[in-house]
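Accompanying notes for the structure given below.
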Amino acid sequence: MSDHRPPSKDAQKRLYRLALSFAVVLTLYTVLFRLEYRVLIDCLYVITSVLFVIYFYMSYAFAKTLPTEEELNPAWSLEKRRTYAERIRSRKERSRGLIYPLVPLMAVMAFDMLWQAFTTFRS
């Protein structure tokens with residue numbers, strides 16, 4: 001038999017936050033769509049794009065491993081390399097919070113693109 005472990009409390013918390021964020025974004029999109037506020041839906045595209053660029057920058061371009069002090073520019077002083085490495089690490093940690101609004105926005109905007117591509121609805 002397999003040893004089935006329940007997910008950790010932290011993983012459950014992240015899943016609930018993501019589900020709540022998805023529900024909020026989907027509700028917002030549905031309201032805007034039903035009220036035919038196409039301009040505001042287009043603003044969601046801009047917000048999604050800006051959040052993606054910010055996430056890409058903060059997460060160090062999706063890097064799995066961050067550079068260490070030794071891998072940074074050897075012409076820099078040790079203190080400057082240490083400070084820069086710490087700044088990269090802290091930005092990477094803060095970028096994780098952007099996942100919660102970004103993933104639902106990207107999913108809803110992808111749905112909207114498909115909706116626009118395959119329906120004749122245009123206002």
Side-chain angles (χ1 to χ4, degrees):
M1 297 193 132
S2 68
D3 184 24
H4 178 70
R5 295 183 317 166
S8 69
K9 294 288 185 190
D10 189 44
Q12 288 178 347
K13 182 180 172 184
R14 285 183 300 199
L15 179 64
Y16 292 145
R17 283 180 68 189
L18 191 61
L20 178 65
S21 180
F22 187 77
V24 168
V25 170
L26 188 60
T27 302
L28 174 66
Y29 171 78
T30 304
V31 168
L32 294 175
F33 184 80
R34 297 294 276 169
L35 295 175
E36 297 182 7
Y37 288 155
R38 191 71 218 164
V39 172
L40 294 178
I41 291 174
D42 292 342
C43 287
L44 286 178
Y45 280 100
V46 173
I47 291 168
T48 304
S49 301
V50 168
L51 276 179
F52 180 77
V53 169
I54 291 170
Y55 177 77
F56 188 78
Y57 172 74
M58 287 181 68
S59 70
Y60 206 67
F62 305 122
K64 286 189 178 199
T65 59
L66 299 177
T68 62
E69 296 170 18
E70 294 80 28
E71 295 171 339
L72 294 174
N73 189 350
W76 291 352
S77 68
L78 180 61
E79 184 60 34
K80 184 174 181 178
R81 286 185 282 165
R82 187 172 292 139
T83 304
Y84 191 75
E86 178 61 30
R87 210 169 52 203
I88 291 172
R89 188 191 60 73
S90 69
R91 276 197 322 238
K92 177 87 170 172
E93 288 176 8
R94 285 186 297 170
S95 74
R96 291 182 185 151
L98 287 176
I99 288 293
Y100 300 109
L102 184 59
V103 169
L105 275 169
M106 289 174 73
V108 169
M109 293 299 98
F111 170 78
D112 186 63
M113 284 186 232
L114 291 172
W115 179 264
Q116 294 297 320
F118 294 110
T119 62
T120 57
F121 172 74
R122 287 286 178 174
S123 32

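- Looking at every heavy atom in both residues, T48 comes nearest to L102 through O-CD1, 3.8 Å.
- Grouping Ile, Leu, Val, Met, Phe, Trp and Tyr by side-chain contacts under 4.5 Å, direct or through others, leaves L15 on its own.
- Screening residues 73-94 for ring-ring contact (aromatic ring centres under 6.0 Å, His included) gives W76-Y84 as the qualifying pairs, with residues at least two apart or on separate chains.
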Take L32 and L44, measure what side-chain contact (heavy atoms from CB on, under 4.5 Å) needs, and give me the verdict at the end. CA-CA 10 Å; L32 294 175; L44 286 178; 4.0 Å; yes
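- L105 is not connected to V39 by any chain of hydrophobic side-chain contacts under 4.5 Å among Ile, Leu, Val, Met, Phe, Trp and Tyr, and they are in different clusters.
- Identified under the salt bridge (Lys or Arg N to Asp or Glu O under 4.0 Å) test for residues 40-52, with sequence neighbours left out: R38-D42.
- Across P104 and P101, no two heavy atoms sit closer than the pair CD-O, 3.6 Å.
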Side-chain donor-acceptor pairs under 3.5 Å in residues 50-61, sequence neighbours left out?
unit_1	atom_1	unit_2	atom_2	d
Y57	OH	R91	NH1	3.4
S59	OG	Y55	O	2.9
S59	OG	F62	N	3.4

Audit row: Y37, V31, side-chain contact (heavy atoms from CB on, under 4.5 Å) steps and yes/no: CA-CA 9 Å; Y37 288 155; V31 168; over 6 Å; no
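- At a threshold of 4.5 Å between side-chain heavy atoms, the hydrophobic network of Ile, Leu, Val, Met, Phe, Trp and Tyr places L20 and V25 in two separate groups.
- Distance check: M109 CE to I41 CD1 gives 7.0 Å after rounding to the nearest 0.5 Å.
- T65 pairs by the side chain to side chain contact (heavy atoms under 4.5 Å, CB included) definition with nothing, not counting sequence neighbours.
- Summarising the geometry, atom NZ belonging to K80 is positioned 8.0 Å from atom CG belonging to N73; distances are rounded to the nearest 0.5 Å.
- Residue pairs meeting the side-chain hydrogen bond (donor to acceptor under 3.5 Å, both in side chains) criterion with at least one member in residues 24-35, sequence neighbours excluded: Y29-D112.
- Y45 OH: more than 12 foreign heavy atoms inside a 6.0 Å radius.
- Applying the side-chain hydrogen bond (donor to acceptor under 3.5 Å, both in side chains) rule to pairs touching residues 92-102 yields R89-E93, sequence neighbours excluded.
- Residues in residues 55-66 take part in no salt bridge (Lys or Arg N to Asp or Glu O under 4.0 Å) pair, two or more places apart or across chains.
- Residue pairs that meet the salt bridge (Lys or Arg N to Asp or Glu O under 4.0 Å) test with at least one member in residues 67-77, sequence neighbours left out, are E69-R82.
- Here M106 contributes atom CE and I99 contributes atom CD1; the two are 8.5 Å apart, rounded to the nearest 0.5 Å.
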Test V24 against L28 for side-chain contact (heavy atoms from CB on, under 4.5 Å), laying out the working first. CA-CA 6 Å; V24 168; L28 174 66; 5.5 Å; no
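- A side-chain hydrogen bond (donor to acceptor under 3.5 Å, both in side chains) check over residues 8-23, counting only residues at least two apart or in different chains, returns nothing.
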